[in-house]
Amino acid sequence: SRGINWGLMVVLPLFLQSTEEYGRVGLLVSIEILVSSVSMIGLDRAILRFYANDEHPGVLLRSVLFVWAIASWIPLIATLVLYLAGWETFFGIPVAPHLFLMSITIALFNLNMLCVCVSRANNDLASFLKFRLWYVALKFVFVLILAVYLGHSLAYVMGFGLAAVGMMFLIIPLLLRTASGPSSTEAVRKLVVFGWPFVFHVASGNVLTYFSRFFLEAYSTTNDVGVFTFAFTLGGGLYLVYASLATYFEPRVYSHSDDKRKCELWLSFYTNLCVSIAAAGGAVLLLIFPLVTAQLPEDYHRALPILSMVMGTILLRPIYIQSNFRLVANERTHHIANASFVGALVSVVLNLWLIPPYGIWGAAVALYISNFFFCGYTLIISLWVARISWKYEYSLPTYLICAVGSLSTIIWAN
């Protein structure tokens, strides 16, 4: 699923009219991720946490749908307020029709994600595959077809919407089978209390990753947003490796939560493997970059030094993922939200400071420094919380390699 989404963003520049249009798609993707995650209000996590063991799962799911229905109106109302206030564009994106269509589609997308979570909670692999893969496959096909005919950013919004509407043929039958009875006031209250903290965590994490695009739009050009998005997309392909490896290593880390030595050993295996693949993959990507951009407009050639900075950022992320797993294993997940919030503040300050004078290069530097701080801060907190003795810390050489290797990308890019 992640690979198909990544592939869509990689090939999309071939079918759009200009770098500016690709930049608008980058902004739309950022809005999609941020608004959908926040408006979910942790309902996806709530289903995974409570659904399988609830005495009345049908009532719980009906309560989930009640909260979803209320939250789904918020993006649409916000867009309507912008429109009535006279805003024709929002960070260069037309309020009508782009944001109106996006606000409606996000509600349907979240409904599909709820069905994904119900399938996971029921250990129903067939349904999980249908909801997870059919959606991204439809989105890939519709967006590319519309991009060929339209050539501008509206193709992404319309393709996204058609895929979400198409999934309703699977969503409605599942919900009719599983959601039964009236919603429960007590269940709604539990869902809101459980899910509300995730709003801040998700918002902070997305600010750290995606908000630089909006600062670029405000203080530079949409063209720079397109170049930055392209570099981030190419480098972000290595996140697929991290996520794939995590499916194997994460359960093994948690299974040894009571044995610090074994837990740290599995964390070390995961981190070392991620860093090795990231270093090799990043080097290859930088070498073949001229071939990748040979068929693209000349604007995209400026992405090479930015891609180098992005690779430096991605080389640091295994340290954060390791720290995240360690905090979960020690049941101190609130520190993850705190670290995300602090990292987001640092990111906002750096973007405001660096983008106005330095443009796209300032955005890359802000992304790197904020992630360097974020990963280091999370690592220190996780080691302190877990009270890990240095003799059990097997990843010390990896930390040094990540720091030196990521800093070398700055020198290379400069």
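Below, each value reflects all heavy atoms present in this structure, side chains not excepted, and no hydrogens, waters or symmetry copies.
Between Phe325 and Phe249, the ring centre distance reaches or exceeds 6.0 Å.
The closest side-chain heavy-atom distance from Ile31 to Phe214 is below 4.5 Å. Looking at Met9 and Val25, their side chains come closer than 4.5 Å, going by heavy atoms from C-beta outward. Using a 4.5 Å heavy-atom threshold, the side chains of Leu34 and Tyr210 count as separate. By the 4.5 Å heavy-atom criterion applied to side chains, Ile74 and Ser39 are not counted as neighbours.
What you find for Ser103 and Leu76 is that their closest heavy atoms are OG-CD1, 3.3 Å. Contact record, Ile314 with Gly235: CD1-O, 2.8 Å, taken as the closest heavy-atom pair. The two atoms that bring Asp299 and Val227 nearest to each other are O-CG2, 3.5 Å, heavy atoms only. Contact detail for Ala278 and Tyr242: the closest heavy-atom pair is CB-OH, 3.2 Å. Taking every heavy atom of both residues into account, Leu191 and Leu60 meet most closely at CD2-CD1, 4.1 Å. Of all heavy-atom pairs between Phe230 and Ala303, the closest is CD2-CB, 4.2 Å.
With sequence neighbours excluded, the residues satisfying side chain to side chain donor-acceptor pair (under 3.5 Å) with Asp124 are Ser127. Annotation: ring-ring contact (aromatic ring centres under 6.0 Å, His included) contacts of Tyr320 (sequence neighbours excluded): Phe374. Partners of Ser63 according to the side chain to side chain donor-acceptor pair (under 3.5 Å) rule, which considers only residues two or more places apart in sequence or in another chain, do not exist here. Tyr156 pairs by the side chain to side chain donor-acceptor pair (under 3.5 Å) definition with Glu32, Lys139, not counting sequence neighbours. The salt bridge (charged side-chain N to carboxylate O under 4.0 Å, His left out) search around Glu21 returns Arg24, not counting sequence neighbours. Under the rule for a salt bridge (charged side-chain N to carboxylate O under 4.0 Å, His left out), Arg2 has no partner lying at least two apart in sequence or in another chain. Listed by chain and number, the residues in a ring-ring contact (aromatic ring centres under 6.0 Å, His included) with Phe373 are Tyr377 (sequence neighbours excluded). Residues passing the ring-ring contact (aromatic ring centres under 6.0 Å, His included) test with Tyr368 are Phe372, sequence neighbours excluded. Partners of Arg132 according to the salt bridge (charged side-chain N to carboxylate O under 4.0 Å, His left out) rule, which considers only residues two or more places apart in sequence or in another chain, do not exist here. With sequence neighbours excluded, no residue satisfies ring-ring contact (aromatic ring centres under 6.0 Å, His included) with Phe66. Residues forming a salt bridge (charged side-chain N to carboxylate O under 4.0 Å, His left out) with Glu186 (at least two apart in sequence, or on another chain): Arg189.
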What's the verdict on side-chain contact (heavy atoms from CB on, under 4.5 Å) for Leu162 and Leu146, showing C-alpha distance, side-chain angles and the deciding distance? CA-CA 11 Å; Leu162 288 173; Leu146 290 168; 4.1 Å; yes
Arg317 vs Leu238, test: side-chain contact (heavy atoms from CB on, under 4.5 Å). Steps then yes/no. CA-CA 10 Å; Arg317 296 297 284 189; Leu238 291 176; over 6 Å; no
Show the numbers, then the answer: is there a side-chain contact (heavy atoms from CB on, under 4.5 Å) between Leu175 and Leu111? CA-CA 10 Å; Leu175 295 180; Leu111 194 60; 3.9 Å; yes
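The aromatic rings of His98 and His152 are tilted relative to each other, their planes meeting at an angle between 30° and 60°. Using cut-offs of 30° and 60° for the angle between ring planes, the Tyr239 and Phe232 rings count as tilted. Between Tyr135 and Phe109, the ring planes are tilted. Angles from 30° to 60° get that label.
Checked by atom type and distance alone, the side chain of Trp6 pairs as donor or acceptor with a backbone atom of Thr233 at under 3.5 Å. Judged by distance alone, with hydrogens and angles left aside, the side-chain atoms of Ser36 form a donor-acceptor pair with the main-chain N or O of Ile33 at under 3.5 Å. A distance-only check finds no donor-acceptor pair linking the side chain of Trp68 to the backbone of Ile41 [under 3.5 Å]. When atom types are taken as modelled, the side chain of Ser268 and the backbone of Glu264 share no donor-acceptor pair closer than 3.5 angstrom. With Ser220 contributing its side chain and Glu217 its backbone, the two residues share no donor-acceptor pair below 3.5 Å. Between the Thr313 side chain and the Met309 main chain, a donor and an acceptor come within less than 3.5 Å of each other. Checked by atom type and distance alone, the side chain of Asn112 pairs as donor or acceptor with a backbone atom of Phe131 at under 3.5 Å.
For residues 232-246, no residue pair satisfies the salt bridge (charged side-chain N to carboxylate O under 4.0 Å, His left out) rule, not counting sequence neighbours.
Each of Leu80, Val35, Thr79 was evaluated against Leu99; a single residue qualifies, Thr79, per the side-chain contact (heavy atoms from CB on, under 4.5 Å) test.
Side-chain polar atoms of Ser347 and Asn351 form a donor-acceptor pair below 3.5 angstrom.
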